[in-house]
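Worksheet: one structure, shown below.
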Amino acid sequence: METSGNQQEREQLRKLEAYRKLFLRLWLKHWPISLLVFLLVGGMCAGAVAVKSYRSNERFVAQSKMFFYPRQSLKFRTVDIRQAQELFSRQTVLRQAQDRLGVAGGLPTQSEIAVEKNKPNLIIVTVAAGREDTAVNLVNSLTTVCMEEYATFRNRDLSSQMTTLLDRKKELEKAILACERKQQEMAAVSGALTPYQELERLRKVVSDELALLSDTNVQYANEDAKRKKLEEQLKDTSRKGLQYATQLQAFLNDQERLEREVMRLQQLYTDLNPKIRIVVSELEHSRKSYREFLEKNDISDFSPENLAMWDELEKALRATLEKLEFLYENREALNAEVARHQKAVAELTELMPAYNEAGIQRASLVEILHATEEAISELQLLVAAVPNDITLVERAADAESQPLFTKKSAALCVVLALWATGLA
């Protein structure tokens, strides 16, 4: 079967070769006619192409150039070259340019908005028309419309952002005013310029009063110890007590020392503090020992002095009692003042978180307001710079006429002529 298939292929090749030789003999025999057909068909095609090119609406091409470099901003978006190209390439822009020249619908035209290679900020406007003056006028009109369209688009966008910022500024100013009013109302409660100042003043007053109260308590304790000592001396004035004067005086001195220590520790700690309990225990033990000593030695009146000394002790005791009464009244008055001022401090301390929160909120709003005002200033600069974002670099003065024949059209004419002669 393979041999039979090969014979068929060879037979077909022989037939094709025979046809080719027959066609070549006929073409050589009648070549003037073929040449005439080739020239006739080629001429007709060339004429058709020439007429079409001459009557084409894209016969004349005019160009103008614009330099696009908008002012840059870190806070606001800018129109890039791609967006500008899309904006200028809209059919509505071309129709506006045609309307200005009165050629809309009468003279079909083609336009192209492109960016020059290696020059990303240079926009080339190209218009093709059937007449040279139409192409020149239309490309210049289109360039003007593009610049106006960009200014309108950019100003509208910036105006929208400006409106938003101005509204935001008004809201911030109202919020800041509300915070200030809230702080003023809180300050009016304290009767000072700010609650913080009043709180600091009261704290200093309380500190001074507590220091004075501490001194008063110490004086009272000393005078009370002195009173007790005098009373003890007046109580024990017997001769028998004089025999043990040294021992008794030692007990009294020890008790006085422990009592002062208790007073001092009570200013620093509570009654449950181990230090106070130890000193109180020592004091009780000293007093117990003292009482046991008196009972053991049957001492009821310890005073070796005579009647004159007894009078002196009574006078000293009366003076001590008067001073104790004065100190007691002062201490009670100081306690009342301290309590009143501490209550005021507590009230202001409770008020301070809300006051500080309002202050922090106001500071934050002021910072945002400053940033908003800076943004408004920058936006105003962008608005002022819009006319300079795009400038006309080159205005079209004439149009370039397109050739009647191109390589593509010439090749097409040749192919059709060869096809008509049978050589294609």
Side-chain angles (χ1 to χ4, degrees), residues 62-101 104 111-127 136-180 361-397:
Q63 287 185 343
S64 64
K65 297 180 180 180
M66 297 180 295
F67 185 75
F68 181 73
Y69 191 77
R71 183 183 179 90
Q72 301 299 311
S73 173
L74 297 177
K75 297 181 179 180
F76 301 97
R77 62 183 181 274
T78 57
V79 180
D80 57 24
I81 192 68
R82 180 185 59 82
Q83 293 173 323
Q85 187 177 358
E86 293 177 355
L87 177 66
F88 300 155
S89 300
R90 295 182 304 170
Q91 287 298 319
T92 55
V93 177
L94 178 60
R95 284 197 293 269
Q96 290 182 35
Q98 292 174 332
D99 291 341
R100 293 190 179 187
L101 296 179
S111 64
E112 181 184 10
I113 308 296
V115 178
E116 187 168 345
K117 188 177 180 180
N118 299 326
K119 293 181 180 180
N121 297 105
L122 192 61
I123 299 176
I124 300 177
V125 181
T126 304
V127 171
V136 171
N137 293 333
L138 190 55
V139 75
N140 291 330
S141 176
L142 180 59
T143 302
T144 302
V145 171
C146 287
M147 296 174 66
E148 293 176 355
E149 187 71 13
Y150 169 78
T152 302
F153 173 81
R154 185 59 172 162
N155 285 327
R156 183 169 57 248
D157 180 49
L158 295 178
S159 177
S160 175
Q161 298 184 61
M162 178 68 76
T163 302
T164 302
L165 287 176
L166 292 176
D167 293 340
R168 178 59 174 164
K169 181 182 178 182
K170 291 180 180 178
E171 293 176 358
L172 290 171
E173 290 174 345
K174 291 181 180 179
I176 291 172
L177 184 59
C179 291
E180 291 176 348
Q361 184 179 3
R362 179 187 178 279
S364 177
L365 291 174
V366 168
E367 184 176 353
I368 297 174
L369 178 61
H370 290 165
T372 303
E373 291 175 343
E374 291 178 359
I376 291 175
S377 298
E378 185 171 350
L379 195 59
Q380 290 174 343
L381 292 177
L382 291 177
V383 172
V386 168
N388 299 323
D389 287 350
I390 185 168
T391 56
L392 180 62
V393 176
E394 182 179 337
R395 189 177 183 87

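No hydrogens, no waters, no symmetry mates; every other heavy atom, side chains included, goes into these values.
Of all heavy-atom pairs spanning T92 and R95, the tightest one is CG2-NH2, 3.1 Å. Considering every non-hydrogen atom in both Q161 and L379, the closest pair reads C-CD2, 3.8 Å. Taking every heavy atom of both residues into account, V386 and Y150 meet most closely at O-CE2, 4.1 Å. Smallest separation of non-hydrogen atoms from S73 and T78: N-CG2, 4.1 Å. Closest non-hydrogen pair, R362 versus C179, comes out as CB-CB, 3.9 Å. Between L142 and V125 the shortest heavy-atom distance is CD2-CG1, 3.5 Å.
One distance of note links CZ of F67 with NZ of K119; it measures 10.0 Å at 0.5 Å rounding. Residue L392 holds its CG atom at 7.5 Å from CG of N140, rounded to the nearest 0.5 Å. The distance from atom CD of E180 to atom CG of L365, rounded to the nearest 0.5 Å, is 10.0 Å. The line from NZ of K169 to CD1 of I368 is 15.0 Å long, rounded to the nearest 0.5 Å. Here the CG atom belonging to L122 is positioned 15.0 Å from the NZ atom belonging to K117, to the nearest 0.5 angstrom. For the atom pair CD of E373 and CG of L166, the computed distance is 10.5 Å after rounding to the nearest 0.5 Å.
At a threshold of 4.0 Å, the pair R154-D157 counts as salt-bridged, since one of the basic side-chain nitrogens sits closer than that to a carboxylate oxygen.
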Note to self: Test side chain to side chain contact (heavy atoms under 4.5 Å, CB included) on R395 and T143; report intermediate values, then the result.
What the structure shows: CA-CA 8 Å; R395 189 177 183 87; T143 302; over 6 Å; no
Next item on the list: Report the C-alpha distance between F88 and I123 in whole Å, list the side-chain angles of each, state the deciding distance to 0.1 Å, and finish with yes or no for side chain to side chain contact (heavy atoms under 4.5 Å, CB included).
Entry: CA-CA 10 Å; F88 300 155; I123 299 176; 3.9 Å; yes
Next item on the list: Starting from the C-alpha separation in whole Å, work towards a yes-or-no answer on side chain to side chain contact (heavy atoms under 4.5 Å, CB included) for V115 and F68.
Entry: CA-CA 10 Å; V115 178; F68 181 73; over 6 Å; no
Item checked: E148 vs Q96, side chain to side chain contact (heavy atoms under 4.5 Å, CB included): CA-CA, chis, key distance, verdict -> CA-CA 11 Å; E148 293 176 355; Q96 290 182 35; 5.9 Å; no
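You'll find the side chain of I81 stays beyond 4.5 Å of the side chain of N121, heavy atoms only. Between L158 and M162 there is no side-chain heavy-atom pair separated by less than 4.5 Å. Within the 4.5 Å cutoff, side-chain heavy atoms of V383 are placed close to those of N155. Contact of the N388 side chain with the R71 side chain is not registered, since no non-hydrogen atoms from C-beta on lie closer than 4.5 Å.
Remark: the backbone N or O of Q85 is paired with a side-chain donor or acceptor of S89 at under 3.5 angstrom. Judged by distance alone, the side chain of Q72 and the main-chain N or O of P70 form a donor-acceptor pair under 3.5 Å. In terms of modelled atom types and a separation under 3.5 Å, the side chain of R100 and the main chain of A97 share no donor-acceptor contact. Within the 3.5 Å criterion, the main-chain N or O of S364 finds no donor-acceptor partner in the side chain of E367. Checking side-chain atoms of S160 against main-chain N and O of R156 turns up no donor-acceptor pair under 3.5 Å.
Summarising the local packing, OH of Y69 is surrounded by 12 or fewer heavy atoms from other residues, nucleotides or ligands at distances under 6.0 Å. A 6.0 Å sphere centred on NZ of K174 holds no more than 12 heavy atoms belonging to other residues, nucleotides or ligands.
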